[in-house]
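What follows is a short report on a single structure.
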Amino acid sequence: MKILTYNIQDGGIGREELILNVIEQINADVVILQEISNLRIVYRLSNKCNLHSFVARGNSKRSVAILSKQKMAYLNSFHPIPLKHTLLEAKFIKHQQEIFLFGTHLAPYPFLLFEMWRLCEVSKILSRISKLGSKHYIFCGDFNSVAPGDIVSFDNITKWIKFVLRLTQGGLFLRFVIEKIYKAGLLDCHKELNHNDTGYTLTALNPHIRLDY
C-alpha cells in the first residue's frame, strides 16, 4: 500500500491544480490531506482522480481528509480534547485482513508548551488505537515534531522561531513526541526501508525539517 501524507497549507486555495498534479504523479493508493478548510477541494480531487473520499471534521476550521483507490470499510473522526484538529480513522479489508489507517495533524510550533500539548494529543491517540484492537495499522500525518536522531539546521528557520528557541530552550528542538510513538512499538517506515536517508519529506532546503510521518 502506497500512502501519501500531504499538508496542502491553508486549504490549498488557488493551488488546486498544483496539488492535483502532485497527487496524480505520486499515484498513491491512499492520500491523507491536512489543513482542509473547504470541502470543495476534496470533492474536486476525488472526482478528478476517481478516488473515494472522506473528510474528518474536528475541533478547528482545518480538517483532515482521506482519498483512496479502495473503498473503506469503516470511517470515523475522533476528536476529543486535547486534540487540536482530529484523528481520522479508516479501515480497509485487504486479502481478508483488516488494516487500520490513522491520519492526524498535531499542534504546531517547536516550543515546550506545544510539545507538551502534542504529547497529550499522542497519548490520547495511542489509547484510542489500542482500544480499537487492530493488530495491523498505520499512523501517519503532520506531527509537527522532530524525531530523535533527526538532523536540524537553523539556517532556514523563521527568524522569530529561531529567536524564541534560543531564548527559551537554548536552541534545542524537543523530541518527546516521536520518542513516545517509538516506545509504543511503532516503526518509522521510511527509516526502516531507507537506513542511509535523512528522511526529509520536502525536496527543498527551506523548510527542511522532517515533520510528516
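Just so it is clear, the values below take in all heavy atoms, side chains as well, and ignore hydrogens, waters and symmetry mates. Model, not experiment: these values are computed from the prediction.
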Same cluster for [X] and [Y] if Ile/Leu/Val/Met/Phe/Trp/Tyr side chains link at under 4.5 Å?
X      : Y      : answer
Val64  : Ile36  : no
Leu75  : Tyr137 : no
Leu186 : Met1   : no
Ile3   : Leu87  : no
Ile66  : Phe78  : no

I'd like to know if the side chain of [X] and the backbone of [Y] have a donor-acceptor N/O pair within less than 3.5 Å.
X      : Y      : answer
Ser127 : Ser123 : no
Thr168 : Val164 : yes
Arg118 : Val177 : no
Ser46  : Leu51  : yes
Glu115 : Phe176 : yes

Considering only Ile, Leu, Val, Met, Phe, Trp and Tyr, and joining two whenever side-chain heavy atoms are under 4.5 Å apart, list the other residues clustered with [X].
X      : result
Leu113 : none
Ile13  : none
Leu18  : none
Leu172 : none

Would you check if Pro148 and Ile178 make a side-chain contact, meaning some heavy-atom pair closer than 4.5 Å? yes
4.5 Å side-chain heavy-atom contact, Leu67 and Leu45: yes
Would the number of heavy atoms belonging to other residues, nucleotides or ligands and lying under 6.0 Å from CG of Asn47 be above 12? yes
Spacing of [X] atom [atom1] and [Y] atom [atom2] [to the nearest 0.5 Å]:
X      : Y      : atom1 : atom2 : result
Ser77  : Leu88  : OG    : CG    : 7.0 Å
Asp142 : Asn7   : CG    : CG    : 5.0 Å
Tyr182 : Asp188 : OH    : CG    : 4.0 Å
Lys180 : Leu126 : NZ    : CG    : 6.5 Å
Cys189 : Ile138 : SG    : CD1   : 6.5 Å
Ser145 : Glu121 : OG    : CD    : 9.0 Å

Which atom pairs, one a donor and one an acceptor, fall under 3.5 Å between side chains of residues 92-107 and the rest of the protein, sequence neighbours left out?
from: Gln97; atom 1: NE2; to: His136; atom 2: NE2; distance (Å): 3.4
from: Glu98; atom 1: OE2; to: Lys91; atom 2: NZ; distance (Å): 3.3
from: Thr104; atom 1: OG1; to: Thr86; atom 2: O; distance (Å): 2.9

For Arg44 and Glu16, what are the C-alpha separation, side-chain angles and deciding distance, and is it a side-chain contact (heavy atoms from CB on, under 4.5 Å)? CA-CA 9 Å; Arg44 183 180 179 191; Glu16 291 92 342; 3.3 Å; yes
Scan for salt bridge (charged side-chain N to carboxylate O under 4.0 Å, His left out) pairs involving residues 99-112, sequence neighbours excluded, and state none if there are none. none
Tell me, which pairs form a salt bridge (charged side-chain N to carboxylate O under 4.0 Å, His left out) where one or both residues lie in residues 160-171, sequence neighbours left out? none
Trp160-Tyr109 aromatic ring centre distance below 6.0 Å: yes
Pairs where residues 55-68 contributes a residue and the test side-chain hydrogen bond (donor to acceptor under 3.5 Å, both in side chains) is met, not counting sequence neighbours: Asp10-Arg62, Glu35-Arg62, Asn59-His79, Ser60-His85
With sequence neighbours left out, what residues match Glu89 under salt bridge (charged side-chain N to carboxylate O under 4.0 Å, His left out)? Arg128
Using distance only, find each side-chain donor-acceptor pair of residues 19-32 under 3.5 Å and give its atom names and separation, not counting sequence neighbours.
from: Asn21; atom 1: ND2; to: Glu17; atom 2: O; distance (Å): 3.2
from: Asn27; atom 1: OD1; to: Lys69; atom 2: NZ; distance (Å): 2.9
from: Asp29; atom 1: OD2; to: Lys2; atom 2: N; distance (Å): 2.7

So which heavy atom on Ile41 is nearest to which on Gly11, and how close? CD1-O, 3.6 Å
Qualifying residues under side-chain contact (heavy atoms from CB on, under 4.5 Å), relative to Gln169, sequence neighbours excluded: Phe111, Leu112, Leu165, Leu174
